[in-house]
Amino acid sequence: MASPAKRARTDADEAALQARVKELEAERDMWRAKAQGSGVAFPATHWPAGKPSLVGPPAYPQYDQSKPKESFLAVCDMLIDEVCAELGPGYEMPEAEVAWARRMLNYNVRGGKMNRGLMVIDSGVHILKAKQLPASNDTIVRFAILGWCIEWLQGWLLVADDFMDDSKTRRGQKCWYLHDDVQKIAINDAFFTEMLVYKVLKRHFSHLPYYAQLVDLMMETTFQTECGQLLDSICANCTLEELTLERWTLIVKYKTAFYSFYLPVALSMLVTGVRDPAAFNKAREVLLMMGVYFQAQDDYLDAFANPEELGKVGTDIQDKKCSWLFAHAYHQHGTEESRAMLANHYGKCKVGSEEELGIKDLYRSLGLQELYAEYEANTMAKMQEYRLEVEANGLPWSVFERFFELIYKRRK
């Protein structure tokens, strides 16, 4: 006779199986309806008749993998053309507003290092290769489209972040909101770009069985990032004693690591058929560690990198940011004298002022440059320890190795 525990496991397994059968039956019915030309997947929004996206995704151009950045940028141009072409017939937008959208997108989402977006393609190709599966041109283009969904997510977050932080430069040019004809319109532009991400997903993936999982992942990651932004923004109301290393870790995990590191790989995993939660959990663990390290780099470069090389002017000291450098200087390695100096000037001085330069000198005198070098080396060592665990979950180590190579000891 089976034990109560075994019977409970059996009942749970049977319930899970029945739920999966229902999912498969629903998917079968959807595809059967589409094959028979009947039914509309989204009847409430299947309007107006002239909306270009109602005809489904277009035939994709040839993606030249020997020219990764050029081919990737070409996909961005394709997406901008698509969304702008739909604003008139689909949403009655006048030509001036369509031109504004095109200008805004070209300024804010196109360009940069594009590492997040390119990693979707790299990760997907490596996973397919490990599975000994071919990577068709359509599959590569879909990876690139998802890569641009992340880049557009990044773009709208930066537009909003720059406005809130009174930043001056971004990617070597002045922040979008600083243009005389933009200013507060930048906030609506940020929201507008966020919504375009979901328009792109619907147009190119709604006919595929994993569409709901892509939307779920994108929405969850966006919310996680907004939680991180809240943690960061509330620092303006915190005392210096509250700007601890623990708070910094929480901020960067949610504000940066999820969307910059976990999201690119998780998207490629969904497209390539990975469904085991254990594989996602292990990937998340490794990638979040990488993301925290990346933000420590960003904080270090904010203080010590050349602004021209970095592409922006560092404002962490002026803005009273809970940064890796400050947390160590005030809590872990501070003296009574150094804490008094920070209390007098941190978040109260302007970029380039004598007080700001004095805080940077304080960071040097406390040995934080050497501490950062040690932290960087330790992170590299921890990465290598993960290899067997990653491969045990059916994921190729090359995905994580490649991502880490892009950021290790970066200088901008």
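We count residues from 1, following the sequence as given. Just so it is clear, the values below take in all heavy atoms, side chains as well, and ignore hydrogens, waters and symmetry mates.
- The side chain to side chain contact (heavy atoms under 4.5 Å, CB included) check on D138 picks up Y60, S136, R142, with sequence neighbours excluded.
- Note that the CG atom of L342 and the CD atom of E337 stand 11.0 Å from one another [nearest 0.5 Å].
- Residue pairs meeting the side chain to side chain donor-acceptor pair (under 3.5 Å) criterion with at least one partner in residues 117-130, sequence neighbours excluded, are D122-R402, H126-S398.
- Checked against side chain to side chain contact (heavy atoms under 4.5 Å, CB included), T272 has the following partners two or more places apart in sequence or in another chain: I127, L128, F143, V274.
- Annotation: salt bridge (charged side-chain N to carboxylate O under 4.0 Å, His left out) contacts involving residues 169-178, sequence neighbours excluded, comprise D162-R170.
- Every pair passing salt bridge (charged side-chain N to carboxylate O under 4.0 Å, His left out) that includes a residue from residues 283-294 is listed here, sequence neighbours excluded: K282-E285.
- Contacts of D319 classified as side chain to side chain contact (heavy atoms under 4.5 Å, CB included), with partners at least two apart in sequence or in another chain: D165, T315, K321.
- Under the rule for a side chain to side chain donor-acceptor pair (under 3.5 Å), W148 has no partner lying at least two apart in sequence or in another chain.
- Remark: W397 pairs with no residue by the side chain to side chain donor-acceptor pair (under 3.5 Å) rule, at least two apart or across chains.
- With sequence neighbours excluded, the residues forming a salt bridge (Lys or Arg N to Asp or Glu O under 4.0 Å) with E86 are K199, listed by chain and number.
- Applying the side chain to side chain donor-acceptor pair (under 3.5 Å) definition to pairs two or more places apart or across chains, those involving residues 75-85 are D77-R110, D81-R102, E82-H204.
- Partners of Q369 by side chain to side chain donor-acceptor pair (under 3.5 Å), not counting sequence neighbours: none found.
- Remark: K131 NZ is packed, more than 12 non-hydrogen atoms of other residues, nucleotides or ligands lying under 6.0 Å away.
- For N108, the side chain to side chain donor-acceptor pair (under 3.5 Å) criterion is met by no residue, not counting sequence neighbours.
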